[in-house]
Amino acid sequence: MATSPPSGSAEHILLVGMMGAGKSSVGSLLAQRLGRPFLDVDAWIEDEEGLSIATIFETRGEAAFRDLEARVLESFLANTVASVLSVGGGAVVDPRNRAALSSHGQVVWLRATDATLASRVGSGAGRPLLAGKDPATEVARLALVRSPLYTELADVIVDVDDLTPHDVVDRVVAALS
Ligand code: S3P
């Protein structure tokens, strides 16, 4: 649950949830709807590094990616303009990221069933944690491990399964107002 943001920093909307939950598409629409900046941690890393997330995992390893992720998240959270942030699915595993998220705004968990996640990740292409594994089994395993963390953090939970991104935005806006 959220605590008050440190003085001087803004109260952001922080989208968390598993890969395939729709954080980036919902985040971009939500930001447009609210007239706020949209900050996407993974997209920023890819732009800054000039590499896909999959290539960063392959060439530098997951630990290096997690360091980058934590640094970018920290800098986004320090933004003094209230923004909408899309936070990569695994960022919540690091307790420092969880503490930072819970003190910088409203955390919205875009929750999806295992069946929805499996259909959305498909073959797992471009998703390094699924490489070489059965994507449906692995995404369900990760979701099981992370669900308690999302539960602990979430101020709002939206079940996204049968919803379009526009519908999800409606639910988020209603829940936050
Ligand atoms: C990851 C999710 C990805 C990306 C990386 C690791 C994870 O982001 O950060 O591949 O650990 O679940 P999305 O949740 O935006 O797909």
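Here the structure is a predicted model, which means the values were calculated and not measured. We count ligands from 1, going down the list as the structure has it; atoms in each ligand are counted the same way.
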Q | Stepwise salt bridge (Lys or Arg N to Asp or Glu O under 4.0 Å) test for Arg60 and Glu49 | A | CA-CA 12 Å; Arg60 303 184 197 166; Glu49 300 298 315; 2.9 Å; yes
Q | salt bridge (Lys or Arg N to Asp or Glu O under 4.0 Å) assessment of Arg33 paired with Asp170 | A | CA-CA 9 Å; Arg33 172 88 68 91; Asp170 289 343; 2.6 Å; yes
Q. Would Arg141 and Val145 satisfy side-chain contact (heavy atoms from CB on, under 4.5 Å), going step by step from the backbone distance to the final call?
A. CA-CA 6 Å; Arg141 189 191 69 77; Val145 171; 4.2 Å; yes
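Listed by chain and residue number, the protein contacts of ligand 1 are Met19, Lys23, Asp42, Ile53, Phe65, Arg66, Glu69, Gly88, Gly89, Gly90, Arg127, Pro128, Leu129, Arg146 (heavy atom within 4.0 angstrom).
Note on Arg66 versus Glu69: salt bridge recorded, some NZ/NE/NH1/NH2 to OD/OE distance being below 4.0 Å. Classification of Glu48 and Arg71 as a salt-bridged pair fails, no side-chain N sitting under 4.0 Å from a carboxylate O.
The aromatic rings of Trp44 and Phe76 sit perpendicular to each other, their planes meeting at more than 60°, with 30° as the lower class boundary.
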